[in-house]
Amino acid sequence: MVQRTANAEVMSMDLSPKRPAKAYGGDGGAYYDWSPADLPMLGAASIGAAKLHLAAGGLSLPSYSDSAKVAYVLQGAGACGLVLPEAAKEKVIPVKEGDALALPFGAVTWWHNAENSSADLVVLFLGDTSKGHVPGKFTNFQLTGATGIFTGFSTEFVARAWDLDQDSAAKLVSTQPGSGIVKLAPGHKMPEARAEDREGMVLNCFEAPLDVDIKGGGRVVVLNTANLPLAKEVGLGADLVRIDGHSMCSPGFSCDSAYQVTYIVRGSGRVQVVGIDGTRVLETRAEGGCLFIVPRFFVVSKIADETGMEWFSIITTPNPIFSHLAGRTSVWKAISPAVLETSFNTTSEMEKMFRSKRLDSEIFFAPS
């Protein structure tokens, strides 16, 4: 009965793609997040999703989160300051469009967009909130600023912790009126980003070897423990998928009990998701800037519009495995002819015709 109730709840949830809402911001930029109130699957899957937009000269103040995350740079270039747990030195990582970073629990980060930048720095965050304060939502802890941790401690405690006199401690805590994101004063010099700090920390999805490359169909780069070691600590895998105009992504499902969280980076297309008892639970058109979640074991397929479609997804396991229901590698090609014929209650001629199709196509199907 409990399982039946849970299934009914998932089947009745609104799975339609949603855009984020602004949480806070100012001259330096803004932070947007998706709410489980608007996208209930976030809470059900314990997944958080947010976007950071930094204007030229913007700085996202040092903070840590209650959740492990994958960060993906959607636009622009800048720097990410990163202090891993128990690390003695900060990494200052140059980041650019297409970069993916795994951010484990306890990591303190700051993000900066250069004063002379011609474009906003936009970063997507997707992560596991199962150990967080609010299922389906990141809780970020600012180290400084109007909402910083130390504004809550008494001056006596701050002074004692930092070995300062109380006047200096009070001044240091109170002089930053900004909250979360600030804009730096003109000419303020930030630390230089170091190319060597990218090693083992960043995978650029545009430069990485393709895991799948179908001419006229699409391309995939998969992020896992092999090419991004911190994925193991984060407990998440990810992929960047780009399909060409009018191409189709094969119907498939995650076969290791994982949720698939998909953000449409650019382009648009049609999406269908089928769940329990063959019920179509989602049929919609997804556009750039939207996010949706596919429940565990549900089957999803996409067909791109004329301009194609690109999406970045996380999967709630560091080394995801997918099973496809069409194409050369589909389960249908492995099932014996007699079983297939009986399962479809069809003739041997129809079974042979069915099996003869899609012998050269894998995952993506270009328009005929």
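A quick note: this is a predicted structure, and the numbers were derived from the prediction, not measured.
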Is a side-chain donor or acceptor of [X] paired with a backbone partner of [Y] at a separation under 3.5 angstrom?
X: Asp165; Y: Asp167; value: yes
X: Thr139; Y: Val134; value: no
X: Asp211; Y: Val222; value: yes
X: Ser63; Y: Gln142; value: no
X: Ser174; Y: Ala170; value: yes
X: Asn345; Y: Thr342; value: no
X: Ser35; Y: Ala37; value: yes
X: Thr129; Y: Ser46; value: yes
X: Asp14; Y: Ser16; value: yes
X: Asn224; Y: Pro318; value: no

Is it true that atom [atom1] of [X] has more than 12 heavy atoms of other residues, nucleotides or ligands lying nearer than 6.0 Å?
X: Glu207; atom1: CD; value: yes
X: Lys357; atom1: NZ; value: no
X: Asp27; atom1: CG; value: no
X: Arg270; atom1: CZ; value: no
X: Glu199; atom1: CD; value: no
X: Arg285; atom1: CZ; value: yes

Pair Ser67-Asp128, side-chain donor/acceptor within less than 3.5 Å: no

Side-chain donor-acceptor pair present, Thr307, Asp305, cut-off under 3.5 Å: no

Among residues at least two apart in sequence or on other chains, which ones pass ring-ring contact (aromatic ring centres under 6.0 Å, His included) with [X]?
X: Phe364; result: none
X: Tyr31; result: Tyr24
X: Phe312; result: Tyr72
X: Phe157; result: none

Quick one: name the residues clustered hydrophobically with [X], using the 4.5 Å side-chain heavy-atom rule over I, L, V, M, F, W, Y, and just say none if it's on its own.
X: Val274; value: none
X: Phe322; value: Ile315
X: Met353; value: Met350
X: Val182; value: Leu59, Leu61, Val92, Trp110, Leu184, Met190

Criterion side chain to side chain contact (heavy atoms under 4.5 Å, CB included) against Val122, the qualifying member of Leu74, Leu52, Asn113: Leu74

Give the minimum heavy-atom separation between [X] and [Y], together with the two atoms involved.
X: Pro62; Y: Val108; answer: CB-CG1, 4.2 Å
X: Phe153; Y: Val158; answer: CB-CG2, 3.8 Å
X: Arg19; Y: Gly288; answer: NH1-O, 3.0 Å
X: Ile93; Y: Asp197; answer: CG1-O, 3.7 Å
X: Met13; Y: Ala44; answer: CE-CB, 3.6 Å
X: Leu121; Y: Gly76; answer: CD1-C, 4.1 Å

Quiz item: cation-pi between Lys302 and Trp311, 6.0 Å / 45°: yes

Face-on cation placement of Lys18 at Phe292 ring, 6.0 Å and 45° thresholds: no

Hey, are [X] and [Y] close enough for a salt bridge, meaning a charged N less than 4.0 Å from a carboxylate O?
X: Arg355; Y: Glu351; result: yes
X: Glu349; Y: Lys352; result: no
X: Asp66; Y: Lys131; result: no

For Lys183, all residues meeting side-chain hydrogen bond (donor to acceptor under 3.5 Å, both in side chains), sequence neighbours excluded: none

Those residues that, when tested against Thr262, pass side-chain hydrogen bond (donor to acceptor under 3.5 Å, both in side chains) (two or more places apart): Ser313

Indicate yes or no: at least one non-hydrogen side-chain atom of [X] is less than 4.5 angstrom from one of [Y].
X: Gln260; Y: Val300; value: yes
X: Lys51; Y: Leu291; value: no
X: Leu164; Y: Leu172; value: yes

Pairs involving residues 40-71, ordered by first then second residue, that meet ring-ring contact (aromatic ring centres under 6.0 Å, His included) (sequence neighbours left out): Tyr32-His53, Tyr64-Phe141

Chi angles and distances behind the side-chain contact (heavy atoms from CB on, under 4.5 Å) call for Lys96, Asn204: CA-CA 8 Å; Lys96 59 185 178 181; Asn204 187 275; 3.7 Å; yes

For Arg266, salt bridge (charged side-chain N to carboxylate O under 4.0 Å, His left out) partners two or more places apart: Glu97, Glu310

